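A short worksheet on the structure shown next.
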Amino acid sequence: MAGLQQTNSEKILLSWVRQSTRNYPQVNVINFTSSWADGLAFNALLHSHRPDLFDWNAVASQQSPVQRLDHAFNVARQHLGIEKLLDPEDVATVCPDKKSIFMYVTSLFQVLPQQVTMEAIREVETLPRPSRITREEHIQVHQQQRFSQGVSCFAYPLPCYCFEVAVYLSYTESVV
């Protein structure tokens, strides 16, 4: 269960991101995985500190997640000197790698203004936590459901990571 607890550095970084992106209604960062997949959080974070670099509305409304991610990573490289450590295709998934996102956001934190209020930290402490259901319990629930012959893929969030689990279920009863 220790994996469910956020470290102080995660709380501070998440507080900083939430505080920085508060004025962007399309952005609600609650974790270092799925909250970043559409590219809006990265762009909002950059725009909140450097609005002179690009037109937020153009990026937010006209591009796909991969394009938005590519845009953010290119802006960070060209204007902030942060290497493109992530591939947009690897982030634009159901559950991107937490450690990779955390490392990249930490790089942004190091070059952008870093003021974090206690209110923002307290707010992060009230965010919903990942479910405590185990991987085995999750698979058991899905096995109890009836599936037609074939493959059913689903994303299963574990406390620290998300795994894509492919479940092969055969329909053993005859179909009437």
Side-chain angles (χ1 to χ4, degrees), residues 2-130 155-165:
L4 292 177
Q5 296 175 352
Q6 287 183 314
T7 65
N8 285 337
S9 57
E10 287 178 5
K11 286 180 186 178
I12 291 168
L13 197 60
L14 193 56
S15 300
W16 173 71
V17 169
R18 290 180 59 82
Q19 186 173 304
S20 298
T21 61
R22 183 165 282 140
N23 294 327
Y24 297 82
Q26 310 95 313
V27 178
N28 182 26
V29 179
I30 60 170
N31 58 40
F32 288 105
T33 55
S34 59
S35 293
W36 302 87
D38 65 4
L40 290 172
F42 285 113
N43 280 289
L45 186 56
L46 291 168
H47 192 263
S48 70
H49 293 283
R50 294 290 309 273
D52 58 304
L53 297 180
F54 61 92
D55 176 14
W56 164 256
N57 291 323
V59 171
S61 64
Q62 296 181 358
Q63 298 179 343
S64 72
V66 170
Q67 290 171 320
R68 287 191 295 261
L69 288 160
D70 193 50
H71 176 267
F73 299 155
N74 286 330
V75 166
R77 183 177 41 79
Q78 292 170 358
H79 299 281
L80 303 175
I82 297 174
E83 289 302 314
K84 194 174 178 179
L85 303 171
L86 302 172
D87 289 324
E89 294 80 10
D90 293 336
V91 179
T93 64
V94 173
C95 194
D97 182 64
K98 177 182 179 180
K99 290 181 181 179
S100 298
I101 301 292
F102 185 79
M103 180 181 66
Y104 191 81
V105 175
T106 299
S107 298
L108 293 171
F109 183 76
Q110 292 172 344
V111 300
L112 294 171
Q114 305 168 358
Q115 297 177 341
V116 179
T117 65
M118 285 306 295
E119 177 186 338
I121 293 171
R122 281 191 290 274
E123 180 182 274
V124 164
E125 291 174 343
T126 65
L127 292 174
R129 296 283 186 252
Y156 174 69
L158 286 176
C160 295
Y161 305 98
C162 292
F163 294 97
E164 187 172 329
V165 180

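Note that the structure is a prediction, hence the values are computed from the model and not measured.
Between Ser61 and Asn57 the shortest heavy-atom distance is OG-O, 2.6 Å. Nearest heavy atom pair, residue Ala37 against residue Thr93, reads CB-O, 3.3 Å. Residues Ala44 and Thr21 approach most closely at CB-CG2, 3.8 Å, considering heavy atoms. In plain terms, the two heavy atoms of Phe54 and Asn43 that are nearest each other are CZ-O, 3.3 Å. Closest non-hydrogen pair, Ser64 versus Gln67, comes out as N-OE1, 2.8 Å. For the pair Phe32 and Leu14, the tightest heavy-atom approach, listed with the atom from each and the gap, is CZ-N, 3.7 Å.
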Give the intermediate values and the outcome of salt bridge (charged side-chain N to carboxylate O under 4.0 Å, His left out) for residues Lys99 and Asp97. CA-CA 6 Å; Lys99 290 181 181 179; Asp97 182 64; over 6 Å; no
Chi angles and distances behind the side-chain contact (heavy atoms from CB on, under 4.5 Å) call for Thr106, Leu13: CA-CA 7 Å; Thr106 299; Leu13 197 60; 3.4 Å; yes
Any chance you could lay out the side-chain contact (heavy atoms from CB on, under 4.5 Å) test for Val17 and Phe109, step after step, and finish with the verdict? CA-CA 9 Å; Val17 169; Phe109 183 76; over 6 Å; no
Run the side-chain contact (heavy atoms from CB on, under 4.5 Å) check on Tyr104 and Val91 step by step: do they pass? CA-CA 11 Å; Tyr104 191 81; Val91 179; over 6 Å; no
Take Ile30 and Arg18 through the test side-chain contact (heavy atoms from CB on, under 4.5 Å) and record every step on the way to the result. CA-CA 8 Å; Ile30 60 170; Arg18 290 180 59 82; 3.8 Å; yes
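For the pair Phe102 and Thr33, the minimum side-chain heavy-atom distance is 4.5 Å or more. A heavy-atom distance below 4.5 Å is not found between the side chains of Phe42 and Val75. Two residues are said to be in side-chain contact when any heavy atoms from C-beta on lie closer than 4.5 Å; Leu46 and Leu53 fail this criterion.
By the side-chain hydrogen bond (donor to acceptor under 3.5 Å, both in side chains) test, Gln19 is found to be paired with Thr117, residues two or more places apart in sequence or in another chain being considered. Not counting sequence neighbours, Arg68 has no partner by the salt bridge (charged side-chain N to carboxylate O under 4.0 Å, His left out) test.
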Using atom types as modelled, flag every donor-acceptor pair under 3.5 Å from a side chain in residues 76-89 to any protein atom, sequence neighbours excluded.
{"residue": "Arg77", "atom": "NH2", "partner": "Asn74", "partner atom": "OD1", "Å": "3.1"}
{"residue": "Lys84", "atom": "NZ", "partner": "Asp70", "partner atom": "OD1", "Å": "2.5"}

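Relative ring orientation between His47 and Tyr24 is described as perpendicular, the plane-to-plane angle rising above 60° on a 0-90° scale split at 30° and 60°.
Using a 3.5 Å distance cut-off with no hydrogens or angles, the side chains of Asn31 and Ser35 do pair a donor with an acceptor.
Side-chain N or O atoms of Ser48 include one that pairs as donor or acceptor with a backbone N or O of Ser20 at under 3.5 Å.
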